[in-house]
Each structure stands twice: as C-alpha cells, then as structure tokens.
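What follows is a single structure, written as structure tokens, with notes after it.
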Amino acid sequence: PYTFNKSLHHLIRSNCGDLSLKLLFHFLSRGYTPHLSSFNSVISYFCKLGHLNSAQNLLNSMPKFNCSPDIVSYNSLLDGYCRFLNIRGACLIMKRICCGGGNVRPDLVTFNIMFNGFCKAGMEGAAFMYMGVMWKYCIPNVVTHSTFIDMFSKMGNLDMGFRVLNGMRRDGILPNSVVFTSLIDGCCKFGNMGEAFQLYGEMTESSLLPNVVTYTALIDGLCKQGMLERAEFLFSKMLEDGIRPN
RNA sequence: GUUCAAAACAU
C-alpha cells in the first residue's frame with residue numbers, strides 16, 4: 001500500500017494522470033485502502049481537467065473505503081469549481097464545508113480559493129464580503145494579498161494594487177516575487193512602464209529574484225508599446241541573470 | 001506524500 005501511494009503521486013506529478021486513475025480503481029476493486037492523500041491527488045487531478053462530477057463522486061465515495069474527506073479534499077473540489085468560474089457550484093461546496101455534517105472547517109486556503117474565484121469572475125463585491133467572513137477563521141497571508149493585487153492589476157486599478165502592497169508590508173507580510181510580478185504586469189498592461197521598472201528595482205533590492213514570468217511581463221509591455229530595443233536589452237539582461245527563456 | 005496567487009504564445 002505504501003508503494004502504491006508513492007506510485008500514484010509520482011504518476012500525477014509526471015503527467016500520467018490517466019494511469020494513476022487506472023491504478024487507483026484497480027486497487028480499490030481489490031479491496032486495498034489508499035491513503036487520504038491518494039484520494040486527494042486524484043480529486044485534484046479530476047478538477048484540473050474540469051471533470052468536476054467525477055471529482056465530486058470520488059469524494060462522496062471515500063467513506064465507503066474507510067476514508068473521510070478532509071479539508072484538502074474539499075479545497076481541491078472548491079478550486080475546481082472556481083477555476084471553471086462555476087461560482088454557484090463553489091458556493092454550494094463552501095456551504096457543505098461550513099455547515100454540512102461538520103468534520104471539516106474552512107481554512108486559509110479555502111478562503112484564498114474563494115477570493116480567487118470571485119476575483120477571476122469579476123465579482124469584487126463578493127470577494128470583499130468574504131473577507132469579513134475570513135477574519136472569523138484566519139489571518140490573510142501572502143497568497144491572499146497577491147490574489148487581490150492580481151485582481152486590481154487586471155482591472156487596471158493600480159492605485160488599489162499599490163495600496164494592498166503597502167498594506168501587507170505594514171502588516172509585516174513580506175511580498176514575494178509573485179506579488180511583485182502581478183503588480184508589474186498590471187503596470188505594463190496599463191501603460192505605466194515607469195512604475196513597472198520601479199517595482200522591478202525594489203524587487204532586486206529586497207533580494208528577490210525576478211524570474212521568467214517577471215521578465216516576460218516586462219518584455220511584453222515593452223514590445224506592445226513599440227520599445228523593441230529596450231525589450232531586447234532586457235532580454236539580454238535576463239540571460240545574464242541566468243534565466244532561461246521559455 | 002495531497003489543495004490556493006503572477007506572464008507570453010502568429011496562422
């Protein structure tokens with residue numbers, strides 16, 4: 001059984017999800033009991049493919065195999081609904097987490113998933129409402145902040161993006177390179193290359209390494225504004241930094 | 001060992 005769990009995770013990590021499914025069902029039919037994390041890996045795999053019903057069915061069937069879904073199982077499913085912008089479905093799962101039977105409680109990841117769903121669906125009002133609910137359970141982390149920064153960046157509301165950045169710093173949460181890259185991309189897309197490079201500077205000053213996504217956002221901004229020579233220059237800078245273009 | 005946030009991609 002231990003070897004089985006190992007293989008299952010390995011297959012999913014190496015993009016052989018189909019095989020992992022066959023493996024799981026083969027073992028279930030022979031009466032083996034997979035570990036909770038094996039169920040969760042497969043649930044998450046289904047969700048990323050958009051097979052939400054299969055994921056849901058698998059989750060529902062876990063008790064038959066002496067395994068209770070935990071918050072990770074539910075979070076995976078919740079994220080599936082959010083990824084495909086099925087906010088109604090997500091809310092139903094949320095209800096089940098909060099007041100359905102009750103051996104699970106929402107955690108910070110649960111809220112981050114909901115925020116991301118609302119943000120990507122353009123439902124900022126709902127995102128802010130949930131912020132209030134979150135405070136009863138947990139304290140926001142760097143992912144929470146970067147989700148909101150990304151939402152503001154995509155809306156072109158750079159002022160609010162910077163406010164969230166400053167707010168997190170005030171609260172002692174260190175911005176990471178995802179946070180910077182989200183805001184840099186917002187600046188680039190809304191024609192504020194100056195701010196974008198300022199952030200790039202702050203990033204390196206705080207010894208965060210700009211990665212290939214950071215560079216792509218900047219290079220894309222420069223290209224789309226016709227600054228091709230600056231784009232080329234930045235591209236060579238990226239190579240000097242030892243970052244491989246993809 | 002399993003769940004959440006960032007970029008680009010012509011025809």
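Sequence lines set the chain letters: A, B, ... in the order given, protein chains first and strands last, and positions in each chain run from 1. No hydrogens, no waters, no symmetry mates; every other heavy atom, side chains included, goes into these values. Since this is a predicted model, take the numbers as computed values, not measurements.
Taking A:Phe118 as the reference, A:Tyr130 meet the ring pair (Phe, Tyr, Trp, His ring centres under 6.0 Å) condition, with sequence neighbours excluded.
Distance from the side chain of A:Ser76 is smallest for B:U3 among the nucleotides B:U2, B:U3, B:A5. Ranking B:A7, B:A5, B:C4 by closeness to the A:Val213 side chain, first place goes to B:A7. For A:Thr147, whose side chain is taken as the heavy atoms from C-beta onward, the closest listed nucleotide among B:A5, B:U3, B:A7 is B:A5. Distance from the side chain of A:Asp79 is smallest for B:C4 among the nucleotides B:A7, B:C4, B:A6.
For A:Asn176 (side chain) and A:Val178 (main-chain N/O), a donor-acceptor pair under 3.5 Å exists by modelled atom type.
The CD1-C1' distance, from A:Ile243 to B:A7, rounds to 13 Å in whole Å. Atoms CD1 (A:Ile97) and P (B:C4) sit 14 Å apart, rounded to a whole Å. Rounded to whole Å, the distance from OH on A:Tyr200 to C1' on B:A6 is 16 Å. In this structure, the CD1 atom of A:Ile71 is 17 Å from the P atom of B:U2, given to the nearest Å. Between the CG atom of A:Asn40 and the P atom of B:U2 there is a distance of 11 Å, given to the nearest Å. Counting to the nearest Å, the C1' atom of B:A7 and the CG atom of A:Asn246 are 9 Å from each other. Rounded to whole Å, atom C1' of B:C4 lies 18 Å from atom OH of A:Tyr137. Whole-Å rounding puts the A:Tyr74 OH to B:U2 C1' distance at 16 Å.
Counting any heavy atom pair closer than 4.0 Å across all strands shown, A:Thr181 reaches a base atom. Within the nucleic acid shown, A:Asp107 has no heavy atom closer than 4.0 Å to any nucleic acid atom. If you check every strand for non-hydrogen atoms under 4.0 Å, A:His35 touches a base. Using a 4.0 Å heavy-atom distance criterion, A:Thr216 is classed as a base contact. When heavy atoms are screened at a 4.0 angstrom cut-off, A:Asp70 is found touching no nucleic acid atom at all.
No side-chain donor-acceptor contact under 3.5 Å links A:Tyr74 and A:Asp107. Side chains of A:Asn211 and A:Thr214: a donor on one and an acceptor on the other come within 3.5 Å. Residues A:Ser76 and A:Asp79 bring no donor and acceptor atom of their side chains to less than 3.5 Å of each other.
The cationic atom of A:Arg163 (NZ for Lys, CZ for Arg) does not lie both less than 6.0 Å from the six-membered ring centre of A:Phe152 and within 45° of the ring axis.
Contact annotation: side chain of A:Asn211 to base of B:A6, donor-acceptor pair present below 3.5 Å.
Of the residues in residues 163-177 of chain A, those with a non-hydrogen atom less than 4.0 angstrom from any atom of RNA chain B are A:Asn176.
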One pair to check against side-chain contact (heavy atoms from CB on, under 4.5 Å): A:Asn40 and A:Ile43. What are the steps and the verdict?
CA-CA 5 Å; A:Asn40 288 345; A:Ile43 289 173; 4.2 Å; yes

Please test A:Met114 against A:Cys91 for side-chain contact (heavy atoms from CB on, under 4.5 Å), starting from the C-alpha separation and ending with a verdict.
CA-CA 9 Å; A:Met114 286 306 279; A:Cys91 289; 4.2 Å; yes

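Atom SG of residue A:Cys119 and atom CE of residue A:Met151 lie 4.5 Å apart, to the nearest 0.5 angstrom. Atom CG of A:Leu222 and atom CZ of A:Phe197 lie 4.5 Å apart (nearest 0.5 Å).
Distances shorter than 4.0 Å separate some side-chain N or O of A:Lys48 from OP1 or OP2 on B:C4. Taking 4.0 angstrom as the limit, A:Arg83 places none of its side-chain polar atoms (N or O) nearer than this to OP1 or OP2 of B:U3. Residue A:Lys189 has a polar side-chain atom (N or O) positioned under 4.0 Å from OP1 or OP2 of B:A8.
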Please list, for nucleotides 9-11 of chain B, all pairs of protein and nucleotide N/O atoms separated by less than 3.5 Å.
unit_1: B:C9; atom_1: OP1; unit_2: A:Lys224; atom_2: NZ; d: 3.4

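Listed here is the closest heavy atom pair of A:Met238 and A:Tyr215: SD-CB, 3.4 Å.
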